Amino acid sequence: MIKLENISFDHCIKCTVCTIYCPVARVTHLYPGPKQSGPDTERLRIKNPELLDISLKYCSNCKRCEIACPSDVKIADIIQTAKWRYSKKEFRIRDFLLSRTDLMGTFGTLFAPVVNFFTHLGIVKYFLDLVFKIPKGRTFPNYASMTFKKWFKETRKYQNKYLEKVVYFHGCYVNYNYPQLGKDVVKVLNALGKGVIITKEKCCGVPLIANGYIKKAQEHGRHNIKVLSKALPDEKTKIVSASSSCSLALKHEYANLLELDNSPIAHNIAYITQYVLEEFENGNIPKLKPLTYTVAYHSPCHLERMGNVAFTIELLRKIPGLTVKILHSECCGISGTYGFKNEYYAISQAVGNELFKIIEEANPDFVVTDCETCKWQIEMNTKYRVVHPISLLAEAIE
Amino acid sequence: MKFDCIIIGGGISGLTAGIRCAKEGLHTAIISSGMSALHFSSGSIDVLGYLDNTVVYKPFEALDTLTGTIAQHPYTKCGKPLIIEALQFFKQECETQNVYLFDNENLNHFHVTALGTLKPTYFSQRSVFNEDVYNRFKRMKKIVIINFEGYRDFHPQLAAAQLSKHALFANCEIVAKSIEMPQIQNLSRHPHEFRSIDIARIFEDEEYVYKIADAIRLAADGADFVVIPAFMGIHNFNQIHNIIQSRTRLLVYEVPTLPPSILGLRIDNALKSRFAQLGGVFVAGDKVVRAEIKDDVVQAVYTANHPENPLEAKFYILSTGSFFSGGMVSEFDNMYEPVFKLKLHFEPQRNKWYSPQFFYSHSHPFLEYGVVTDENLRPYDSKNNIIQNLYCSGAILAHYNPIREGCGSGVAISTAYKAANQIVSLYKLMR
């Protein structure tokens, strides 16, 4: 039976506008483009799963097709769902490990100096390439020796002093790889007079979805909806995240893709720059010192999809002294775990080339972006350092 | 978020208004849901192509007749001096992004469609019409229409057959040819899977563009004109056009293809990058779903992605287009404007909305339906009160027929310019 609510593919008028804006179709003929992989072949697949055209695996789920579509077809959702619903499941240790960010993070932080040393060794990379099909050209993010959660234990008692609270969904990257961003978020929220609450969250599920572990993603989703809604002291309290992809998952993917009821939290979720900007506009502005940098701002695909880019840009413009060059919106190519796989690595790099070129042309002091995987990709491929907008704001707060 | 001006709709009209406002220093945002009709357009700008079912050659003379007879026509509300100023503004803004529009010294010219029909228009990109095309036209003997083997969205034989029926081409030989796509590395797909965008990207590649030029030269030997589907690049189109013309030593002319239209895409890119250059904020992929109005003044608008976060501005422009773009919604026996519930002009009986024949020369009545405004383009709400800080522009306006009059983009640009002009002067008064 076809579910009536899932027939958005029928609204496709075959205009092919999505294919213009698909970064993967731009660089490879192996991928026929979102129109063909999504709405065109969906009508075949629902009749007979045998008619699955395997070329849809090249979709990186950047969702730029959905932004472009004039007819409101959920193209990327159709392709993602088809990937796990119709394609043959085969177990791959690599995909298993790449998608288990909690497991890898716990291990990685425990032995951080050793793990970081080994993942940067040429011989190890060669081995990973050979055995796990993880491209040897790819650099790995470092693990932190102390998790954000552990650090937060120290500050928890100070957070209770604030009358108003914000729930912070920090995500795996902040917890295991880059606790500094979490510390910056806490500093900014405290400067706005808000105490921070964190929960026993699990990975948002984005890497699980990307690697086809839908049941596991649903399990995480249910858990997160439960702990986050429980942590809310009242209806008006916000749940903020500083990762564009985690926010997209909590707000959209849980309901649209995983078919979970996220209504207990959906109205409370705000991407961090939106929350902070609204506080600023209501007059709650901490004292900011001028930052005399010239930065280039790159808008991540999933932030674009949420319609949140404008909030980040407006917030950056509120930092005195800062010169912001807005880069033409292009996908960086990494798309989470996509760029960590041999079979997509060349595509991922070719997609990013356009962006790397315009970053070089802009020649900023450094690049600003909201997404952790964009950060890895840009730092690996250009000479520029990449900073989160909230870290920049934290620097401006005295 | 707070702005000076929020424009709802990111098509040709919204972008023109946005550029005008941002250029005058207003903090401007455009909210756009999905890519605009420019992606389906010819990429030429029509001002007034037909009047009383005859082709118009002198659009500004015909404009006097039109504005003298239809009092409610958006052109009448704009007035000729403003229309001329708006068109010049649009041309200059496109030039800042290297899109050069050719006007035939205030006369209309024809562009050829993919089916080989001729359409009167006012501005065309230089690869579609220019001085050389104009001069060569009088002494042409042979036209070669070329397609790429396998490309499904253009049929040169059909275009040739249709074109040769036209009196202008009576003494001219028109030949249809096709050339092979150059060998592309890793090409695992059949050429018939290619759309205009895929082939335009091949043109952008220096490795192939010379090979394509050589193939065109071989196929089109001795032609006065070579007609190809509009593939000559998305970003470097001026350079690619030059390369192909100088290498073939032929006059190569582009015709707009079926969607996606590369000619329209160039205009869309140019307007968007100009708007961004002027500091404008373009929100893509979000839809304004409702507005808050108090004492006939719009206080805020809300979007689908952020239903609880107000977007506030001093002024608003509604450029959401007609039915296809979602500017208006038709139900079985009703029509409405979804954001502000504005007063619309339409016939209540459904059977009067359309003509019985699809290609009827007087076109369909529903194309004339739309928002009713005062002479300043401010709309009325359902209680017949004027909304003070809201202006309407482009295809959402009533009382004109873009198909019958051949004036869609001209109205979009002129009304956007007029709306923005009023906002700019009020904004300056307020400061």
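Worth knowing before you read on, the calculation uses all heavy atoms, side chains too, and leaves out hydrogens, waters and symmetry mates. None of the values given here were measured: they were computed from a predicted structure. In what follows, chains are A, B, ... by sequence order, proteins preceding strands, each numbered from 1.
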Exercise for review: Carefully, step by step, assess B:Arg266 and B:Glu254 under the rule salt bridge (charged side-chain N to carboxylate O under 4.0 Å, His left out).
Suggested key: CA-CA 13 Å; B:Arg266 290 176 198 156; B:Glu254 286 186 302; 3.0 Å; yes

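- Per-residue heavy-atom pair counts under 4.5 Å with chain B were compared for A:Lys14, A:Arg26, A:His267, and the maximum is reached by A:Arg26.
- Ranked by heavy-atom pairs under 4.5 Å with chain A, the list B:Gln277, B:His39, B:His306 is led by B:His306.
- Looking at A:Gln274, only its side chain comes within 4.5 Å of chain B, counting heavy atoms on both sides.
- For a residue to count as touching a neighbouring chain, one of its non-hydrogen atoms must lie under 4.5 Å from one of that chain's; by this rule A:Cys15 touches chain B with backbone and side chain alike.
- Both the backbone and the side chain of A:Phe311 come within contact range of chain B, each with at least one heavy atom under 4.5 Å from a heavy atom of that chain.
- Between A:Asp72 and A:Lys74 there is a salt bridge, since at least one side-chain N of the basic residue sits less than 4.0 Å from a carboxylate O of the acidic one.
- With no hydrogens or angles considered, no side-chain donor-acceptor pair links A:Gln36 and A:Tyr31 at under 3.5 Å.
- Both the backbone and the side chain of A:Asn308 come within contact range of chain B, judged by heavy atoms closer than 4.5 Å.
- The greatest number of non-hydrogen atom pairs below 4.5 Å with chain A, out of B:Leu265, B:Asp286, B:Asn305, B:Ile197, is found for B:Asn305.
- Contact of A:Lys325 with chain B is not made at all, since no heavy-atom distance falls under 4.5 Å.
- With a 4.5 Å cut-off on non-hydrogen atoms, A:Lys63 does not touch chain B at all.
- Side-chain contact check for A:Glu66 and A:His252: no donor-acceptor pair (N or O, by modelled atom type) lies under 3.5 Å.
- With A:Tyr21 as the aromatic partner, A:Arg64 does not meet the cation-pi criteria of under 6.0 angstrom to the ring centre and within 45 degrees of the ring axis.
- Neither the backbone nor the side chain of B:Ala276 comes within less than 4.5 Å of any heavy atom of chain A.
- In this structure, chain A has no heavy atom under 4.5 Å from any part of B:Asp205.
- Ring geometry for B:Phe366 versus B:Phe323: interplanar angle over 60°, hence perpendicular rather than tilted (30 to 60°).
- At a 4.5 Å heavy-atom cutoff, the contact between A:Glu281 and chain B is made by backbone and side-chain atoms alike.
- B:His27 and B:Phe3 have their aromatic ring centers within a separation under 6.0 angstrom.
- Defined by atom type and a distance below 3.5 Å, a donor-acceptor pair is missing between the side-chain atoms of B:Ser41 and B:Ser261.
- Heavy atoms of A:Leu277 lying under 4.5 Å from chain B belong exclusively to its side chain.
- Classified by interplanar angle (parallel below 30°, tilted 30° to 60°, perpendicular above 60°), the ring pair A:His29/B:Phe194 is perpendicular.
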